[in-house]
Amino acid sequence: MPRNTGQFALNELQLSGMNNQDLADLFDRMADLLAIKGEVIYITLAYRRVAESLRDLPEDIHTVQREGRLRQIPGVGKEVEKKIEELLSTGKLAFLERLEQEVPVSLLDLLQVPDVGPKKVALFWKQANINTLPELEQAAREGRLRALPGMGEKSEARVLAGIEAMQRRSRRMLLNTAWSLGESWLEWLRAQPGVSRAEAAGSLRRWKTTIGDIDLVAAASAAAPVMEAFIQHPDVFRVASQGENKSSVELKGGVHIQLWIQSPDRFGSLLQYATGSKEHNVHLRELALKQGLSLSERGLVNAEGREQLAATEEEIYAALGLPYIAPELREERGEIQAALEGRLPRLLEPGDLQAELHAHTLWSDGRNTVEEMAKAARQRGLKTLAITDHSVGLGIAGGLTVEELHQQRVDIQAAQREMGDALHLLHGTEVDIRADGSLDYPDEVLAELDIVIASMHSALRQPKEAATERLIRAISNPHVDMIGHPSGRLLPNREGMDLDWVAVLEAARQHGVALEINANPNRLDLDEVYARRAVEMGIPLSINTDAHSTEQLDQSIYGVSVARRAWASAEQVMSTWTTERFLAWKNRRQE
DNA sequence: GCCGTTTTCGGCCCGACTGTTTTCAGTCG
């Protein structure tokens, strides 16, 4: 569905305070309007870069501005600095208001139509007086677009098909949904004659939090028959584009899949190219140019025009004088500079995990017994499992009274005897953080437990100041070991709490409290941007599945991906620690 | 509009695909 529709509510933003995301959206909006207006491409690119930087910024833009560090943000120069300052101090921007006078904002909806870009929007607007999406659709149906310069019957049909596809298009997929769809297509691809390799690429391979389209790459001696089979696949609803090396289809459910094919000796450059991100690739190509090389999905070409093919990604990075960069890092967040300087982190691996510190059972809203969870954890090679059911105040989740909590200990001890040395069970709680920041069990009860995770489950719409104060109060409780799903967001739609993250992270550091990376694909919370800041600050992270059933213990992989995207090493993730080390950490904190 | 281990001004990634074009513009990733 189109974003950026209609008038942006600047007044409301001014009242509620503009956050980084709001600001980023405004810069994207300016880039779109400037592009339609016909501004030089590099100016619109500059605005987009600023938007991207603002989204990656782990601290509040107000703080950066107060401390006079705006110019340190990548892509922010003299002009953009002035614009940000005007926006933050007045909640308005004269430049944007003028732009919105010149270019009808309803044109932004047209930009969302596939295959319609700024040039075509300008054409429709200036030469056919089309201002809105319904007007565009009507003009296409009446055959009025084909007469425009550079347009024809096919282009007109394409616009109409694009509008219809847009209405069908599903929202962004959760990571697990995207992976299971991607895996089934990879299995199909690998079974095709002539295909020697097939891999996921794009945001899926980078393990982005949510996935729009699925990108796949394959190596085949002859691409044509594979492409033909791809577009003929029974699940394909519509072929969006079709070529020898690249095709794109829409599935019946509205999901788009893109497939690239090259010969096996070019597979490395293809996989590297299709994995992105776009910004990472742009930087890499600039780096190549400085070394007299031209980089594309086809490989490297030197100044004499001689090709250097790459069957593996490693060869591409090596040819540019770089160590291998993991896909999760390829977001143009300093990874190329770090690679050049030899200071890429040794990333956490899935096999490093040996503790699950957040799990539920039948005692509250889980679906399995303590013993079943313990056996499932042992089967997965874990050495530590913490049973952390909900606290009494969370009635809807069957939270435990203090008495039930005591009874549960007996149950856990029984399961521990059953497990022997194979698995250490910890008795903990996921205690609810009430709206005022107090906890749902008395301190003396919390003191008896092996691990205390404190989480917010209700009153998630508090204003920023109250929410921050609430969370910091919980962090300050000496019995709290960890904060569970810190923002409370639910992907893909419900945003998390509006928090002053700098203050929250600083409190966690001061009090030695760990932060959870909740591995549930609906949460992935702590967000990677703040997780990376936490890593830099030396705050321990914990990858927790928050499993409510034995099968959900398998979801830790999604938490690992967040930690990797946050540049975390195994050492910084307490889920890799032994039970003894965890208990030592807990005890040291309490001295 | 930003930016500088070849630059403070002149650059700013690269190719596939589509459809409209007789050689290229627009869009996309």
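Comparing B:dG1, B:dT27, B:dC17 by their closest approach to the side chain of A:S241 singles out B:dC17. Proximity note for A:A46 (side chain, C-beta onward) versus B:dC13, B:dG1, B:dC17: the nearest is B:dG1. When distances are taken from the side chain of A:V80 to each of B:dG29, B:dC2, B:dG15, the shortest belongs to B:dC2. Side chain of A:K154, nearest nucleotide from B:dT27, B:dG15, B:dG19: B:dG19. When the nucleotides B:dG15, B:dG1, B:dT27 are ranked by their closest atom to the side chain of A:K120, B:dT27 comes out on top. For A:D115, counting side-chain heavy atoms from C-beta on, the closest listed nucleotide (B:dC14, B:dC28, B:dG1) is B:dC28. Ranking B:dG19, B:dC13, B:dT18 by closeness to the A:Q242 side chain, first place goes to B:dT18. The side chain of A:D215 lies closest to B:dG29 when the candidates are B:dT27, B:dG29, B:dC13. Closest approach to the A:R158 side chain among B:dT20, B:dT18, B:dG26 is made by B:dT18 (side chain taken as heavy atoms from C-beta onward). With B:dG1, B:dA16, B:dC28 as the choices, the nucleotide that has an atom nearest any side-chain atom of A:R298 turns out to be B:dA16.
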Check against side-chain hydrogen bond (donor to acceptor under 3.5 Å, both in side chains), A:T312 and A:E315: CA-CA 6 Å; A:T312 67; A:E315 295 168 54; 2.9 Å; yes
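B:dT7 sits 8 Å from B:dG11 when the C1' atoms are compared, rounded to a whole Å. On the C1' atoms, B:dT23 is 15 Å away from B:dT18, given to the nearest whole Å. Comparing B:dA16 with B:dC12, their C1' atoms sit 22 Å apart, to the nearest whole Å. Remark: the separation of the P atoms in B:dC3 and B:dT8 is 16 Å, to the nearest Å.
Note on A:K83: a side-chain N or O is less than 4.0 Å away from OP1 or OP2 of B:dG1.
B:dT7 shows a glycosidic angle within 90° of 0 and is accordingly assigned syn.
Partner A:D527 forms a salt bridge (charged side-chain N to carboxylate O under 4.0 Å, His left out) with one of A:R489, A:R565, A:K208 and no other, that one being A:R489. Just one residue in the list A:Q258, A:R238, A:Q242 forms a side chain to side chain contact (heavy atoms under 4.5 Å, CB included) with A:S248, and that residue is A:Q258.
The 5' end of DNA chain B is approached more closely, in terms of each residue's nearest nucleotide, by A:R49 than by the other of A:R49 and A:V301. Taking the nucleotide of DNA chain B with the nearest heavy atom to each of A:E286 and A:Q258, the more 5' of the two is matched to A:E286.
Searching all strands for a Watson-Crick or G-U wobble partner of B:dG15 with both distances below 3.5 Å returns B:dC28.
The CG atom of A:L320 sits 14 Å away from the C1' atom of B:dC14 (whole-angstrom rounding).
Side-chain contact annotation: A:S487 with A:D525, donor-acceptor N/O pair under 3.5 Å present.
In the interface, the side chain of A:Y42 is not paired with the base of B:dG11 through any donor and acceptor atom under 3.5 Å apart.
A:Y47 and A:F95 have parallel rings, their planes meeting at less than 30° on a 0 to 90° scale where 60° marks the start of perpendicular.
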